[in-house]
Q: 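Mind looking over this structure? Questions follow.
What you see below is based on every heavy atom in this structure, not just the backbone, and it leaves out hydrogens, waters and symmetry mates. Within every chain, numbering begins at 1; the chains are lettered A, B, ... in the order of the sequence lines, protein sequences first and strands thereafter.
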Amino acid sequence: MADLNAFQSWISACSASIDDRAEDLTELDRAIGDADHGSNMKRGMSACAQLAEQEDFSSIDAYLKKVGMTLVSTVGGASGPLYGTFFLRLAGPLAASEDVGPREFGQALRAGVEGIVARGKAEAGDKTMYDALAPALEAFDEASGSGAGLGESLQAAAQAAAEGRDATEPMVARKGRASYLGERSAGHQDPGATSATVLIEAAAQTLT
Amino acid sequence: MADLNAFQSWISACSASIDDRAEDLTELDRAIGDADHGSNMKRGMSACAQLAEQEDFSSIDAYLKKVGMTLVSTVGGASGPLYGTFFLRLAGPLAASEDVGPREFGQALRAGVEGIVARGKAEAGDKTMYDALAPALEAFDEASGSGAGLGESLQAAAQAAAEGRDATEPMVARKGRASYLGERSAGHQDPGATSATVLIEAAAQTLT
Amino acid sequence: MAPMKKLLNDPADVVVEALAGMAAAHPDHLRVDLDHKLVLRADAPVSGKVALVSGGGSGHEPLHGGFVGRGMLDAACAGEVFTSPVPDQILAATTAVDGGAGVLHVVKNYTGDVMNFEMAAELAAEAGIQVEAVVTDDDVAVQDSLFTAGRRGVGVTVLLEKIVGAAAEEGQDLAACAALARRVNEQGRSMGIALTSCTVPAAGKPTFELAEDEMEIGIGIHGEPGRSTEKLAPARDIAARLVEPVLSDLSLKRGEQVIAFVNGMGGTPLLELYVMYGEVKRLLDDAGVTVARSLVGNYITSLEMAGCSVTLLRVDEEMVRCWDAPVDTPGLRWGG
Amino acid sequence: MAPMKKLLNDPADVVVEALAGMAAAHPDHLRVDLDHKLVLRADAPVSGKVALVSGGGSGHEPLHGGFVGRGMLDAACAGEVFTSPVPDQILAATTAVDGGAGVLHVVKNYTGDVMNFEMAAELAAEAGIQVEAVVTDDDVAVQDSLFTAGRRGVGVTVLLEKIVGAAAEEGQDLAACAALARRVNEQGRSMGIALTSCTVPAAGKPTFELAEDEMEIGIGIHGEPGRSTEKLAPARDIAARLVEPVLSDLSLKRGEQVIAFVNGMGGTPLLELYVMYGEVKRLLDDAGVTVARSLVGNYITSLEMAGCSVTLLRVDEEMVRCWDAPVDTPGLRWGG
Ligand SMILES: Nc1ncnc2c1ncn2[C@@H]1O[C@H](COP(=O)(O)OP(=O)(O)O)[C@@H](O)[C@H]1O
Ligand SMILES: Nc1ncnc2c1ncn2[C@@H]1O[C@H](COP(=O)(O)OP(=O)(O)O)[C@@H](O)[C@H]1O
Ligand SMILES: [Mg+2]
Ligand SMILES: [Mg+2]
Ligand SMILES: [Mg+2]
Ligand SMILES: [Mg+2]
């Protein structure tokens with residue numbers, strides 16, 4: 001079960017991990033994009049990490065909404081509206097919760113991922129963040145469906161996200177900037193799938 | 001004694017030597033100027049070398065005037081008006097000659113070098129072409145004064161020009177583009193003194 | 001990492017400092033909102049006039065901020081370098097310049113730009129502002145298929161902002177401005193080439209690598225690698241590589257009229273751009289295409305990238321009239 | 001040698017091909033004489049008007065050819081890249097544009113330019129044309145002493161051509177135009193900095209070397225090395241290094257008015273030039289100097305060199321009036 005504090009730790013952990021990985025993310029984006037994914041995410045996540053200090057949040061969903069709006073307002077590019085929508089939608093199913101268990105988090109995660117699809121129209125295999133998030137969601141549901149707790153289900157999700165991320169390497173991109181490269185996008189791991197995996201891994205460490 | 005043919009050979013030899021040395025001259029100009037002395041001189045001298053084919057000249061002085069005007073019209077930069085004036089003035093004392101001996105050539109060379117001074121106001125030690133030409137003129141006069149023929153006097157002049165050229169290396173430039181560098185111009189041989197030496201050396205090979 | 005060969009202070013501040021510099025340089029023409037990173041017409045909102053708002057990543061100057069002024073844009077939203085602006089900025093711009101006749105968003109077709117402008121338009125609509133968006137997608141280097149994010153918006157954006165800016169100044173309404181904008185976008189195509197990469201200040205090193213003897217054909221304006229890397233070639237061959245796909249994509253026929261636009265990517269001297277224009281003009285002459293108007297210079301750049309793009313816009317009478325109309329911006333200025 | 005990263009055909013043809021491209025791009029405004037490598041006002045000679053002729057090495061575009069047109073130059077003579085034009089060209093230009101009121105030669109102070117313009121002026125005088133010459137020498141990086149060829153002519157040349165071009169258009173006579181030109185030159189000073197070198201097409205490799213972490217202070221516009229090579233520094237420090245010597249050489253006092261001109265050397269993005277302008281403006285504010293007008297952009301360049309220069313011109317009323325007057329050239333265009 002995860003409370004507001006745990007969610008705030010999640011976002012702090014996201015920010016810390018993205019900080020560590022910012023140069024790698026930018027490096028991946030240099031290969032098939034425009035060399036800014038790391039700095040975009042770093043700017044956005046560090047703004048989010050400061051929210052808890054700046055404001056007292058009354059609920060998990062209010063906090064996550066603010067995280068979403070902050071990402072929308074600070075990240076820019078493709079990933080800003082996408083991750084922003086993810087957190088905005090994540091908040092919905094958690095409206096009434098003070099302590100979130102695996103079932104509710106599963107619903108929230110589904111809403112978040114569906115939000116990304118609604119905004120970006122990505123399908124499996126398009127070589128986007130969706131290719132990490134879709135398997136993560138599936139693995140989460142499977143684990144929680146067979147009785148695992150929140151932490152354990154998130155560990156399964158993180159594992160699946162990492163596999164999904166690795167699987168983007170040979171893909172030919174069909175969405176976003178990398179799609180301009182056509183066949184030349186193959187052979188490079190997708191930056192968004194990489195950052196998405198970082199977020200799920202951070203969740204596995206903090207939401208237990 | 002040198003006739004019109006010999007003067008035309010001189011100019012051909014100038015063009016050939018400048019062609020060979022064009023990259024070196026540009027290289028010297030890169031260090032203390034603007035990296036164009038080689039291409040300037042090459043453009044001008046090859047235009048001059050074609051004059052004999054394009055036109056029948058009735059006299060040495062008409063030919064040298066045309067060389068001067070051609071240099072003025074094609075070289076540009078500082079060296080264009082200077083070398084142009086040199087050949088225009090060289091023509092003057094040879095107005096009546098069909099066969100030029102050391103005495104007349106000495107007068108012509110003096111007029112040419114004075115023309116350069118009139119146009120460019122250079123003094124000895126300013127690190128310019130004058131630092132090769134002034135000693136060349138002096139050596140020529142000394143040799144011819146003690147009875148040497150045209151070829152022999154020009155060999156003495158070429159020797160002195162080369163020494164004058166080498167002596168420009170430690171000088172601090174006070175004229176032309178190199179003067180902008182102040183003390184930093186020291187340690188580099190002057191491109192114009194180098195091309196001037198090429199011209200005198202070509203004379204020593206062709207005017208005998 | 002060696003420091004960058006750039007004139008800036010902290011790379012994180014480059015966009016805001018450049019905007020402040022712009023405001024200082026053009027006090028009579030422009031106002032900037034440093035919080036939202038907006039460049040605004042000094043006299044905005046212009047009552048009763050359709051307002052044009054554009055924007056995108058910074059690093060393409062003079063696009064878009066340099067095109068704010070009478071006869072062109074009412075506001076430009078500056079994103080971080082090569083990163084689209086965010087909805088808050090676009091909403092603030094839209095609100096600031098709406099003169100009651102509605103706002104046209106001019107959006108280059110990049111996933112990020114499109115999504116951020118979409119979110120802003122949703123918010124503006126909720127606030128009761130009439131917004132239309134037109135997305136430019138003129139880069140023939142990218143296949144417009146289900147398997148890509150569609151063609152990129154490049155050079156046509158400049159021509160569109162000028163032409164539709166004039167239409168708005170003439171008093172055309174939002175629907176007419178949007179229709180004209182879509183017509184311009186449909187009739188314009190571009191193709192670009194890079195000789196060198198560029199360096200995003202925050203990244204600190206070149207976005208891509210090109211060998212000493214290579215060029216990148218079909219480049220975008222963000223240092224995205226292009227269609228193919230090839231050996232360097234003379235200007236006349238490069239011109240053919242750029243003009244032919246544009247001519248064929250537009251199916252331009254003998255006797256048709258175009259605006260021909262040779263655009264520098266930032267690091268290529270004007271001298272070379274004019275050499276390229278000469279080659280482009282020769283190819284158009286050969287194809288029997290008439291150049292009604294032309295534009296040569298650095299208008300939509302990729303920082304200090306060396307290279308150029310060619311844009312052809314098949315024009316009708318209205319487009320030419322609007323092109324010729326007065327414009328008074330830092331980047332394009334003519335007429336009374 | 002690896003091929004150059006340049007858009008050209010044979011390097012030997014770059015100037016002529018660029019001029020042909022210019023003529024094609026500006027058919028209503030300009031005429032070019034490819035034999036003499038001249039850019040001429042389409043309507044030259046303008047009867048009864050003093051004509052302005054300038055010129056110099058190519059590679060500084062838009063200077064000078066881009067400043068030909070109503071309100072600025074009547075003709076520009078294009079030398080080879082970084083090499084002054086020859087007397088034949090200057091004489092041909094002078095003859096072509098003389099409208100009976102005499103011709104003003106605007107010459108940048110470089111030994112080659114000065115000598116070639118001098119020879120041309122002698123020939124023009126023989127042909128009965130009234131010629132006055134004004135030599136610009138505004139670069140404070142060079143000491144104006146007996147031990148140099150004098151200060152170089154740089155940024156002030158642009159401001160002078162605009163201001164004196166307007167005076168000629170107003171109908172001022174040759175003596176008045178020459179006097180105004182000398183006043184502008186006396187009241188203007190510049191200083192420049194390079195972050196990278198540039199490559200002359202015919203030479204095929206960079207004119208000078210700068211280490212990855214170095215900049216060259218006091219650079220000229222021909223890739224001549226400058227006053228000193230120093231470690232890279234933030235924009236605010238560079239601005240101080242440029243503005244201070246100019247302020248002190250001009251002895252500018254609190255309350256005085258200037259035109260402030262931040263000029264790009266060619267390879268520096270506009271984004272950075274605006275950052276620099278912001279810093280320059282701050283320094284002028286601190287010094288109590290008022291900016292009457294400003295200009296930011298690539299106007300007198302060194303091919304693709306990265307860097308910039310700062311020019312300050314102490315202005316009087318006439319200069320400001322002439323600055324504001326209409327101008328219609330490819331490189332500067334405003335007013336009706
Ligand atoms: N339509 C889309 N749907 C989902 N994800 C997308 C889409 N387009 C791009 N992305 C993701 O966004 C990432 C790039 O983000 P970022 O570099 O921050 O934005 P930009 O491409 O605008 O510079 C890609 O690696 C990809 O995972
Ligand atoms: N005032 C002068 N008098 C004599 N020679 C000069 C003068 N100024 C320059 N020079 C010579 O000209 C040479 C440079 O010629 P060049 O490179 O062709 O012209 P530019 O300096 O205009 O590029 C210098 O090396 C120097 O020898
Ligand atoms: Mg990116
Ligand atoms: Mg030189
Ligand atoms: Mg981006
Ligand atoms: Mg030169």
Q: Would you mind telling me which of C/E61, C/K231, C/H26, C/M215 has the largest number of heavy-atom pairs within less than 4.5 Å of chain D?
A: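 The option with the most such pairs is C/E61.
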Q: Does a side-chain heavy-atom distance below 4.5 Å link D/N298 with C/N298?
A: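 With C-beta onward as the side chain, the pair stays apart.
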Q: Measure across D/E304 and C/G267 and return the closest heavy-atom pair with its distance rounded to 0.1 Å.
A: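 It is CB-O, 3.3 Å.
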Q: Among the options D/A235, D/G297, D/G278, pick out the one with the most heavy-atom pairs lying under 4.5 Å from chain C.
A: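 Among D/A235, D/G297, D/G278, the one with the most close pairs to chain C is D/A235.
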Q: Taking D/A25, D/A24, D/G66 one by one, which has the highest count of heavy-atom pairs under 4.5 Å against chain C?
A: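 The answer is D/A25.
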Q: With respect to chain C, which residue among D/R236, D/M276, D/K281, D/R282 yields the maximal number of heavy-atom pairs within a distance under 4.5 Å?
A: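 Of D/R236, D/M276, D/K281, D/R282, D/R236 has the most heavy-atom pairs under 4.5 Å with chain C.
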Q: Does any heavy atom of chain C fall under 4.5 Å from the side chain of D/A239, the backbone, both, or neither of them?
A: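 Neither part.
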Q: Enter the distance from D/D328:CG to C/R333:CZ here, rounded to the nearest 0.5 Å.
A: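 With rounding to 0.5 Å, CG (D/D328) is 12.0 Å from CZ (C/R333).
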Q: Any side-chain to backbone donor/acceptor pair from D/K5 onto C/D213? Under 3.5 Å, distance only.
A: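 Flag not set: sc D/K5 to bb C/D213 has no pair under 3.5 Å.
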Q: Less than 4.5 Å to any heavy atom of chain C: does that hold for the side chain of D/I238, its backbone, both, or neither?
A: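 For D/I238, the contact with chain C is made by the side chain alone.
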Q: Given heavy-atom pairs under 4.5 angstrom as the criterion, report whether the side chain, backbone, both or neither of D/L19 touches chain C.
A: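 Nothing of D/L19, per the 4.5 Å heavy-atom cut-off to chain C.
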Q: Working to the nearest 0.5 Å, report the span between OG of C/S294 and CG of D/D28.
A: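 C/S294 atom OG to D/D28 atom CG measures 9.0 Å (nearest 0.5 Å).
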Q: Which atoms of C/A260 are under 4.5 Å from chain D, going by heavy atoms: the side chain, the backbone, both sets, or neither?
A: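 No part of C/A260 comes within 4.5 Å of chain D.
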Q: Side chain, backbone, both or neither: which part of D/L232 has a non-hydrogen atom closer than 4.5 Å to chain C?
A: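 It is the side chain, since no backbone atom gets that close.
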Q: Most heavy-atom pairs under 4.5 angstrom with chain D, which of C/V275, C/L210, C/D10, C/L273?
A: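 Max contact count across the listed options: C/V275.
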Q: A side-chain contact here means heavy atoms from C-beta on lying under 4.5 Å apart; do C/E17 and D/Y277 qualify?
A: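 Contact flag for C/E17/D/Y277 side chains = no.
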Q: Counting only non-hydrogen atoms closer than 4.5 Å, does C/V262 touch chain D with its backbone (N, CA, C, O), its side chain (CB onward), both, or neither?
A: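 Answer is neither: C/V262 stays 4.5 Å or more from chain D.
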Q: Taking side chain as everything from C-beta outward and backbone as N, CA, C, O, which of these in D/A20 sits under 4.5 Å from a heavy atom of chain C? Side chain, backbone, both or neither.
A: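 Contact with chain C involves no heavy atom of D/A20 at all.
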Q: Answer with side chain, backbone, both or neither: which region of C/P326 has an atom nearer than 4.5 Å to a non-hydrogen atom of chain D?
A: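 Neither; nothing under 4.5 Å.
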Q: Checking D/N9 side chain against C/P234 main chain: does a donor-acceptor pair fall under 3.5 Å?
A: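 The answer is no, because no donor-acceptor pair under 3.5 Å joins these two groups.
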Q: What part of D/M22 gets closer than 4.5 Å to chain C, counting heavy atoms only: side chain, backbone, both or neither?
A: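 Both backbone and side chain of D/M22 come within 4.5 Å of chain C.
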Q: Check each atom of D/K6 against the heavy atoms of chain C and say whether the ones under 4.5 Å are side chain, backbone, both or neither.
A: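 Interface part for D/K6: both.
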Q: Under 4.5 Å from any heavy atom of chain C, what part of D/P201 do you find: side chain, backbone, both or neither?
A: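 For D/P201, no heavy atom lies under 4.5 Å from chain C.
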Q: Can you confirm whether D/L271 sits close enough to C/L8 that some side-chain heavy atom of one is under 4.5 Å from a side-chain heavy atom of the other?
A: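 The answer is no; the side chains never approach within 4.5 Å.
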Q: Given that the side chain runs from C-beta out, which part of D/V14 has a heavy atom under 4.5 Å from chain C: side chain, backbone, both or neither?
A: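 Answer is both: backbone and side chain atoms of D/V14 are under 4.5 Å from chain C.
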Q: Flag the pair D/L7 / C/T268 as yes when at least one side-chain heavy-atom distance between them is below 4.5 Å, and no otherwise.
A: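 D/L7 reaches C/T268 side chain to side chain.
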Q: Could you check if a side-chain atom of C/P269 sits within less than 4.5 angstrom of a side-chain atom of D/T301, using non-hydrogen atoms only?
A: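 Answer no - side chains too far apart.
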Q: Roughly how far, to the nearest 0.5 Å, is CD of D/E212 from CE of C/M4?
A: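 Between C/M4 CE and D/E212 CD, I get 12.0 Å after rounding to 0.5 Å.
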Q: Where on C/L295 is there a heavy atom nearer than 4.5 Å to chain D: the side chain, the backbone, both, or neither?
A: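 Contact with chain D is absent: no heavy atom of C/L295 under 4.5 Å.
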Q: Which answer fits D/V280, side chain, backbone, both or neither, if we ask what part of it has an atom under 4.5 Å from a heavy atom of chain C?
A: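 Looking at D/V280, nothing touches chain C.
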